[in-house]
Amino acid sequence: MDYPFNEIEQKWQRIWQERRIANAPDNSDKKKYYVLSMFPYPSGVLHIGHASNYSIGDAISRLKLMEGYNVMQPMGYDSFGMPAENYAITHNSHPRITTEENISNMRKQFDGMGFFLDWEREVSTCRPDYYRWGQYIFKKMYENDLVYRKKSFQNWCNQCNTVLANEQVEDGACWRCGSEVEQKELEQWYFRITKYAEELLDFSDVIEWPERVMTMQKHWIGKSEGARIEFTLENSDTKIPIFTTRPDTIYGVTFMALPPEHPLVQKWLAEEPDNLELHDFCKKVINEDKVLRQSADTVKEGVFSNRYCINPLNGEKVQIWITNYVLMDYGTGAVMAVPAHDQRDFDFSRKYGIPMKIVIQNPAGNLDLGTMTEAYIEPGVMVNSAHFDGMASEEAKSAITQWIAQNKWGEGTVTYRLRDWGISRQRYWGNPIPIIHCPKCGVVLVPDEDLPVLLPDNVQVGKTTSNPLLSVPEWLNVKCPKCGEDAQRETDTMDTFVDSSWYYARYADPKNEHLPFATKQADYWMPVDQYIGGIEHACMHLLYARFFHKFMRDLGWVRGNEPFLRLLTQGMVLKDGAKMSKSKGNTVDPQYIIDRFGSDTLRVYLLFASPPEKDVEWSDEALMGAFRFLNRIYRLIEGNLDAIKRGLQCEADPQKLSPEMKKLLFSSHYCTKKWLEDCLDRMQYNTAIAAIMEHLNRCISVKDTASMDSDALAVYAEACGIIPQLLYPFAPHVAEELWQMMGFQSLLHESGLPGYEDEYLVQDTITLVIQVNGKIRGKLEVAPDTAPEILKTEALQVDNVIRALEGFEVVKTIVVPGKMISIAAKPAK
RNA sequence: GCGAAAGUGGCGGAAUUGGCAGACGCGCUGGACUUAGGAUCCAGUAGGUUCACUCCUGUAGGGGUUCGAGUCCCCUCUUUCGCACCA
């Protein structure tokens, strides 16, 4: 018979709810612990990935609860965005309706898992009581010069009518509809995240983040040190600033490389309408897929501009080329090309026959233009570089930078790969940007008292070819808050990553009607102690949230520099070696598992399969193993309930125990110790569960409880009695049930963490291994405190050791306390 | 191309500080039981050798350090991930 998981799970879910165990009070004398899992997009179905992710968070929460913390684990929905809008379109409905339906469906499934979640703190980003404060934060950023509008070239999909991020363009086509992506010059709203670039590189205030994530962010931010140098356009005052990390190569500049988007190039295009070569080239390059164009294997191309600029250091005339390999939005958008010492410039100059000049000689001194097959990019000795000749090139970097600064040609500077964050989206289902465009006053912020700018309901999503917001005149047309004249609302909505950049703070004070959250609440709850989510957000959500947090800190809203102290990047649940997805048809429905085996079984399976940060391959058989495990526990306790209950009233005299009971006593304490280390220090729940299994096997192997004396009963009851406590973080329902069956009145988390005593971990005898020349040749049962000299003597008397030493003489004997005796021997003469 | 991580039985994984490799689970083999169940219980399960004791081999491959290496060092291979014209 299977244990009645269904009944048990419903019962305890009801009791937890009635007792409000997951509703964390804001004012408590207890220390807080804030556990957060990344909130889901409300697809309407809880999938195995959610179940896995949230089972980890739940285990952590319940452990911290047992430890005595005031634990908050909230949940919400990332409900704005294209998926929600498209879902509504395909279901011929409105996203507000479909989203709320989906949320209520997901909520039921969450409840079925029995997660410890504070639903009174629920947030949903598409609800006005939440997005209002996103608009408020936008305004604060605007007022602090962190928001600006910029015209630039963007990936544009004609079919979807919106800007696409680079990663949403596949082989030059829209990832969603497959139509060709164009480059469109658009005015877009940007967040000045680069202002925090330097600070975002600093992780000294996080406690435990995966090295991998920090490295990814550091690479993404991509700090490089170099110099900004101004070249002057020939016969003109126009300056062309460049950025280089190699000022030591400046005497080797033979051409200047500009991208077609460069303002100077745009100016020349306008000046020379008949220059077809230039026009065709620029048009072609600009319309190329950004991703393709930026790939390293794209062939370098360019056209000569018929113009020159002057190298300020030596006054040399330098050809200006328009090329496809320079990026407008990195550095200054212009490159001083040094073909002899940069591979890209080398390739380009060989193709177009541009001169080269060696200015750094290799250590062998044999670098020669005639024989070079690739650029020499290593350090060396300066040559052809005026008074810097003879200097080591590494040294020359700073010397030349100084020389440049002294002569006011430029200065030493730092550039980041990180770009400002384009947050404009030309879609309906997102947070409206609280801006009004007035013909007279220009860009005007919507006054606080008019927030939120509500999304109008009466749009027909998917029916218009442009942003649906443009088709709602009563929403679009407003009076300017400043001058009262006719004006229009901004129709761009915000990237949904904006919504998720501060939700963790809203949970601290989710119902606040006057502020995003009160500082008092934030002071108590922030920062998040443990954050859990997928690694795919390493350079997006996790970076954006850190940026927001630092901004909110600068406003005085939060203390501390980091939003997430500890980060756990959980693995995925795979099936047939691939991520589960509807299109592949390899999904497993958690509800199906819960109905047949219960949520406790699903949780134990997921947590036991591997350490939390690793991927797990789904296995029906292994799931059954988890189910059998819980059944075995249930049978053990239910079947021996009388003995356990009696035993709980007894105290054991350790001196009077049989060897079997001594072993059981040891097992209880040893298992608890291991469990505590695995759960709290290492967060490795698979081995914690393995420890429970081992202990369970030991308990089950003890038969005949009927004839036990009171000492044995006490030990037996303790051994069985700790199991519900140890099980609680992983299978809370059945743990509570068994705990109650044994007669305890309290809820399990109120029992505190189980403890162990060192005195019971001491064994009468221990087994030492004897090695001869690194190979195991025997074992020795001894008292733990046996002196090393005695061990050495005894080891040499073991039969097998004697045999192994025949014809050898002992050179050295090493005793590793509690572990082994290692004998080194060499052949006897 | 650059950078990072990883590679352990038939499978998921364990071995925390260099100290009994394969804990625990799945699967498999043999047996017991019968309320015939997605059951339970017992025994076994890295490979080879042996009736058995023993012995030999074994943590991707090769070398090294050490009394002792899955663990540390060097080289090679494979896989995964990230970045990929960032001047």
Side-chain angles (χ1 to χ4, degrees), chain A residues 1-2 210-213 215-216 219-220 222 224 226 242-246 249 257 291 293-300 323-327 329-338 341-345 347-348 415-419 535-536 538-539 596-597 604-605 608-611 614-629 631-632 635 674 677-678 681-682 684 686-697 700-701 703 767-777 779 799-800 803-804 810-814 816-826:
Chain A
M1 264 296 278
D2 296 338
E211 204 56 50
R212 192 150 82 104
V213 176
T215 313
M216 280 168 74
H219 280 295
W220 190 258
S224 43
I242 59 95
F243 172 77
T244 182
T245 53
R246 296 293 304 274
T249 64
V291 175
R293 173 170 156 199
Q294 288 180 23
S295 140
D297 359 286
T298 302
V299 180
K300 290 169 189 48
T323 72
N324 65 344
Y325 75 96
V326 176
L327 308 175
D329 52 1
Y330 181 77
T332 61
V335 168
M336 66 171 216
V338 185
H341 304 292
D342 181 286
Q343 192 56 42
R344 295 154 299 183
D345 300 341
D347 296 342
F348 190 85
T415 291
Y416 301 90
R417 212 185 72 108
L418 181 72
R419 310 289 149 81
I535 187 124
E536 65 273 16
C539 294
R596 272 155 197 79
F597 310 107
V604 167
Y605 162 69
F608 179 63
S610 74
K614 273 194 73 172
D615 290 350
V616 203
E617 173 71 27
W618 179 267
S619 154
D620 288 326
E621 289 78 19
L623 176 83
M624 292 314 299
F627 186 52
R628 284 197 292 264
F629 166 58
N631 270 304
R632 274 150 60 86
R635 270 200 308 276
K674 175 104 176 73
E677 283 168 6
D678 286 349
D681 305 339
R682 301 205 305 155
Q684 197 169 293
N686 55 334
T687 49
I689 293 169
I692 305 174
M693 289 173 170
E694 275 180 275
H695 178 63
L696 174 68
N697 291 343
I700 289 175
S701 74
K703 309 285 181 198
T767 307
L768 296 185
V769 170
I770 308 164
Q771 279 188 359
V772 177
N773 284 340
K775 291 194 168 134
I776 293 155
R777 296 298 180 202
K779 293 189 178 180
D799 284 350
N800 218 25
R803 211 176 320 146
V810 175
V811 180
K812 187 156 82 165
T813 307
I814 296 153
V816 183
K819 298 235 161 104
M820 70 184 337
I821 301 147
S822 184
I823 300 165
K826 63 174 186 186

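Each chain gets a letter, A, B and so on, in the order the sequences are listed, and its residues count up from 1.
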> Quick one: is N800(A) getting a side-chain N or O under 4.0 Å of the rC55(B) phosphate, OP1 or OP2?
Replying inline: yes
> Do the side-chain N or O atoms of N686(A) get closer than 4.0 angstrom to the phosphate oxygens (OP1, OP2) of rA14(B)?
Replying inline: yes
> Looking across every strand, which nucleic acid part, if any, lies under 4.0 Å from I776(A) by heavy atom: base, sugar-phosphate, or nothing?
Replying inline: sugar-phosphate
> In whole Å, what separates the P atom of rC56(B) from that of rG70(B)?
Replying inline: 16 Å
> Choosing from rG3(B), rG12(B), rU57(B), which nucleotide comes nearest the side chain of K775(A)?
Replying inline: rU57(B)
> Expressed as a whole number of Å, how far does the C1' atom of rA60(B) sit from that of rU66(B)?
Replying inline: 23 Å
> Base, sugar-phosphate, or nothing for M693(A), non-hydrogen atoms under 4.0 angstrom?
Replying inline: sugar-phosphate
> Reckon R635(A) has a side-chain N or O less than 4.0 Å from the OP1 or OP2 of rA39(B)?
Replying inline: no
>> Main chain of D297(A), side chain of K300(A): is a donor-acceptor contact present, judged purely on distance under 3.5 Å?
In response: no
>> Below the 4.0 Å mark, does rG27(B) have OP1 or OP2 next to a side-chain nitrogen or oxygen of R628(A)?
In response: yes
> Is N697(A) near enough to rG25(B) that one of its side-chain N or O atoms lies under 4.0 angstrom from OP1 or OP2?
Replying inline: yes
> Within the side chain of R419(A), is there an N or O that forms a donor-acceptor pair under 3.5 Å with the backbone of D329(A)?
Replying inline: yes
> Can a side chain N or O of R682(A) be found less than 4.0 Å away from OP1 or OP2 on rA15(B)?
Replying inline: yes
>> At less than 4.0 Å, is any side-chain N or O atom of R803(A) found next to OP1 or OP2 of rC55(B)? Yes or no.
In response: no
> Nearest 0.5 Å, what's the CD-CE distance between E211(A) and M216(A)?
Replying inline: 13.0 Å
>> Using O4'-C1'-N9-C4 for purines and O4'-C1'-N1-C2 for pyrimidines, with syn meaning within 90° of 0, is rG58(B) syn or anti?
In response: anti
> Is the phosphate of rA84(B), meaning OP1 or OP2, less than 4.0 Å from a side-chain N or O of R293(A)?
Replying inline: no
>> What's the gap between rU29(B) and rU78(B) when it is taken at their C1' atoms, as a whole Å value?
In response: 34 Å
>> Using a heavy-atom cut-off of 4.0 Å across all strands, would you classify T215(A) as base, sugar-phosphate, or nothing?
In response: nothing
> Can you tell which of rC20(B), rC42(B), rA87(B) lies closest to the side chain of K703(A)?
Replying inline: rC42(B)
> What nucleotide, of rA15(B), rC24(B), rU16(B), holds the atom closest to the side chain of Q684(A)?
Replying inline: rA15(B)
> Which nucleotide, rC56(B), rC20(B), rG27(B), lies nearest any side-chain atom of R777(A)?
Replying inline: rC56(B)
>> Please pick, from rC55(B), rA14(B), rG12(B), the nucleotide with the shortest atom-to-atom distance to any side-chain atom of A609(A).
In response: rG12(B)
>> Is there a side-chain contact between R212(A) and the phosphate of rA6(B), meaning an N or O under 4.0 Å from OP1 or OP2?
In response: no
> OP1, OP2 of rA87(B) versus side-chain N and O of S224(A): anything below 4.0 Å?
Replying inline: yes
